[in-house]
Amino acid sequence: MSVKSYRQALNEAIRQEMERDERVIVMGEDIAGGMGAPGEDDAWGGVLGVTKGLMPQFGRERVLDTPISESAFIGCAAGAAATGLRPVAELMFVDFMGVCFDQIFNQAAKFRYMFGGKAVTPLVIRTMYGAGFRAASQHSQCLYPLFTHIPGLKVALPSNAYEAKGLMTQAIRDDDPVVIFEHKAMYDEEMEVPDEAYGIPFGEANVTREGDDVTMVAFGRMVNLANEVADSLKGSGISCTVVDPRTTSPLDEETILETVSETGRLVVIDEAHPRCNMATDVSALVSQEIFSDLKAPVKMVTAPHCPVPFSPALEDVYIPSTAKIEAAVREVVGKGH
Amino acid sequence: MSGQIDPIVMPKWGLAMEEGMLVEWQIEEGTQIEKGQEIADIETTKITNIFESPTSGQIRRIVTSDGETVPVGFLLAVCAGDDVSDADIDSYVEDFKANFVLEETAAGGAAPESVEIAPGQSIRYLTMGNGDTPIVFVHGFGGGFDNWMLNQEALSEDHKTYAIDLPGHGGSTKQVGEGDLAAMTGTLHDFMSIMKIERAHLVGHSMGGGIALNFAFDHPGQVASLSLIAPVGFGTEINMDYIDGFISQTRAKKLRAVLELLVNDPAAISTDMVEDIIKYKRLDGVGVALGQLRDKIMPEGRQASQLKDRLDDLVAPVQVIWGRNDQIIPSSHAEGLSGRINVQVYDDTGHMPHLERASEVNTLIGDLAASV
C-alpha cells in the first residue's frame with residue numbers, strides 16, 4: 001500500500017495487466033511519443049502522461065503510437081479485440097468521439113449481438129472528460145450519457161485513485177467493450193492505493209457516506225464534491241448518504257433505490273448537460289419505482305444546457321459546485337416533514 | 001518546587017489511527033484514579049473502545065471534553081497531586097498546547113515490513129518493542145496483523161512482539177499451498193526461522209489458535225507459552241454462515257451483517273473495518289486463498305482438525321480464552337479441559353475477546369508470559 005495519484009493508479013493497472021497477459025496492448029496518439037526522434041522515446045506518455053513508461057518496458061510492439069486519426073485507430077482496436085488481442089485505446093478527449101463513433105457504437109458494441117453471441121470484443125477505450133481546465137467547449141465535455149445510451153457498451157467513471165486502478169483492471173479483464181472516463185482535473189489527486197492488482201466489479205455502487213435525511217447520487221468527480229458537502233452538512237444536523245454508482249452501464253439500480261427509500265429524498269449530481277443525462281436517468285428510475293417513498297421532489301444539480309464556456313469566470317459558474325449541491329440538499333431536506 | 005504532573009494523552013490504537021474522539025468521560029475533575037481504571041470511551045474510525053488510565057493519581061483538569069476529536073498524543077486530562085497549584089496546571093496545559101506538534105509517530109509509528117520466506121513467498125509483519133522471548137500473534141480466517149491493534153502495542157511495553165499476516169491475508173503473498181493447518185504451521189515455522197526467533201510466546205486467534213497449537217505439537221521446544229483465543233481444533237462445530245458470507249458478500253451492507261456475528265455488540269463493527277475487508281477481498285488471489293482454507297480447514301462445514309485431546313502432551317503452559325456469546329465457534333468447546341489449562345470465558349463477549357476485552361486479555365497474555 002502506498003500513496004498514488006489517479007494518474008499513477010491508472011498507469012499501474014495497465015502495466016500490471018500487460019505483465020499478466022501479453023495480449024494486452026495499448027494504442028493512441030503520442031501514448032509513448034517521440035516516434036522517429038532519436039533519444040526522445042517515451043517523450044510524452046500520452047497527453048497527460050498516463051501511459052508514460054509503458055513503451056520502455058513493453059516495447060513498440062505493444063505500445064503503439066498512432067497517426068492522428070481516431071476513426072482509424074479506434075476501428076483498428078475494435079478489430080484487434082474481436083480477433084484475439086485486448087487493446088487499451090486512448091481517445092485523447094472524449095470530445096473527439098464524433099470522428100470515431102461509428103467504430104464504437106455500430107461496430108464494437110454490436111459484434112456480440114450480430115455474430116450470434118460468438119464474438120467477444122475485449123476492447124477498452126480510455127478517454128478524458130470534464131470541465132475546469134480552461135480548455136473550452138471542444139475539450140471539456142462530459143459525454144458519458146451518450147455512451148451509456150448504447151447497449152453493448154460498458155461505461156465506468158472512477159471517482160478517485162483507488163477506484164481508477166480497480167475499474168481499469170476490471171475493464172481490461174472484461175470481455176465486452178468498456179469506455180472508461182478519466183476526469184482531467186483529477187490526475188494529480190492522491191490517496192492510498194494497494195500495490196497488488198485488484199478489480200472492482202461493474203454494476204456495484206459504492207456508498208461513500210451513510211445518512212438518514214437525503215441521498216446524493218453523484219458521478220465521477222462529482223462524488224468528491226458530494227462527499228465534501230455531506231461532511232460539512234453534518235455540522236448543521238443534516239445527515240447525507242452519498243452513492244457513487246461507479247459505472248453508468250451497468251447501473252446499480254438496487255443500491256440507488258434502496259438508499260433513496262431509506263432517506264426519502266434524492267439529489268442527483270451530474271457534470272453533464274441536463275437533458276438526457278445520468279441525473280434525468282436516475283430521477284426517472286426513482287420516480288417510476290419508488291415514487292411513494294419520496295418525501296420531497298427529486299432535485300438535479302447539473303451543468304447548464306450550453307457549451308462549456310472558455311471564459312474562466314463563466315466556466316467556474318458552469319460546473320456544479322459544492323455551494324450549488326449544498327443549496328439543493330438544503331432545499332429538499334426542508335420539505336416533507 | 002511543584003509536584004509531579006502526569007499527562008493523559010490520546011492513545012494510538014492501530015497503525016492507521018491519527019485522531020480519536022473522546023466519546024464520554026467516566027470520571028470527573030477531582031476523581032482519584034488508578035492505573036488500569038476505565039476512565040473514558042474513545043472512538044476511532046476503526047473501533048470504539050474503553051480507555052484505561054495509563055497512570056494513577058487525581059484528575060485535576062479535563063482538557064478534552066466529551067465529543068471532541070483530537071490527534072493522537074494530544075492532551076486529554078492532567079493528573080497531579082494536591083501539592084501542585086491550579087496555576088501550575090494552567091501553565092502546564094498552556095505549554096502543552098503551545099508545544100504540541102503532530103509527531104511522526106502519531107501519523108506513522110511502527111510500519112509493517114515484509115520478509116521473503118521462500119522464493120516468491122513473502123510474509124508481512126509488524127514488530128514492536130524489545131525483550132528476550134518475543135510474543136508472536138497469529139490472526140484468524142480473513143484477518144490480519146491489525147486484528148491485534150489493541151494488544152500488540154500494550155504488550156510491547158515488556159516484550160518484543162511480532163504480528164504476522166498469514167499467507168492469503170493482508171500484505172502477504174496470496175498462495176496458501178495446501179491450505180491446511182499443517183501448511184500454515186509450516187509457514188509460521190519458516191517465518192520464525194528466517195527472523196531467528198528460537199522460542200516465542202504464541203498468541204493465536206480462531207484459525208490462528210489452531211495454527212499456534214499445531215505449531216506447539218510440531219515444535220514443542222520453540223513455544224514458551226500458548227494463549228489460544230476462541231481457537232479451532234476444540235470441536236467440530238463452526239458457523240459456516242459466517243465463513244461463506246465472509247467469502248461471498250461483496251457489498252458493504254451485506255458484509256456488515258456477516259461481520260456483526262463476530263462480536264457481542266454489533267456497534268463494534270465500524271464502516272472502515274467493513275471497507276478494509278472489502279478492499280482486501282478484491283485483491284488478486286484472495287478469493288481462491290480463502291476458498292482453499294475453507295475447504296481444507298473446515299470441509300463440509302465441520303472443523304477438520306481435532307487437537308484438544310493432545311493438549312496434555314504439551315509442556316508449555318496453555319491458556320484458553322473465549323467469549324460466552326461466540327457465534328462463530330461455540331464457547332462450549334472450552335469445557336472439559338484438563339485442570340492445568342487456565343480457561344477464561346468472558347460473559348457478554350463474542351468471537352473477538354482480544355478486541356472486546358482487550359485489556360483483560362492483555363493482562364492474561366502478559367501474566368502467562370511472565371510466569372515462565
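Bear in mind the structure is a predicted one, so any value in this text is a computation, not a measurement.
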Begin with the C-alpha distance, continue with both residues' side-chain angles, and end with the deciding distance and a verdict on side chain to side chain contact (heavy atoms under 4.5 Å, CB included) for B:Thr271 and A:Arg209. CA-CA 9 Å; B:Thr271 306; A:Arg209 298 289 186 278; over 6 Å; no
Has A:Glu19 got more than 12 heavy atoms of other residues, nucleotides or ligands less than 6.0 Å from its CD? yes
Please check if the number of heavy atoms outside A:Glu192 that lie under 6.0 Å from its CD is greater than 12. yes
Selection from A:Val207, A:Thr169, A:Ile200 maximising heavy-atom pairs under 4.5 Å formed with chain B: A:Ile200
When you look at A:Glu196 and B:Thr173, which way does the side chain to side chain contact (heavy atoms under 4.5 Å, CB included) test go after all the steps? CA-CA 10 Å; A:Glu196 295 161 275; B:Thr173 39; over 6 Å; no
Give the minimum heavy-atom separation between B:Asp284 and A:Tyr198, together with the two atoms involved. OD1-CA, 4.0 Å
Lys NZ or Arg CZ of B:Lys279 over A:Tyr162 ring: under 6.0 Å, within 45°: yes
Heavy-atom pair with the smallest gap, counting every atom of B:Arg282 and A:Pro201: NE-CD, 4.1 Å
Could you go through the salt bridge (Lys or Arg N to Asp or Glu O under 4.0 Å) check for B:Lys254 and A:Glu254 one step at a time? CA-CA 13 Å; B:Lys254 288 177 177 156; A:Glu254 186 188 330; 3.8 Å; yes
Side chain from CB out, backbone as N, CA, C, O: work out which of these in A:Glu258 comes under 4.5 Å of a heavy atom of chain B, or both, or neither. side chain
So for B:Lys253, is it side chain, backbone, both, or neither that comes closer than 4.5 Å to the heavy atoms of chain A? side chain
Heavy-atom contact with chain B under 4.5 Å, split by part of A:Asp195: neither
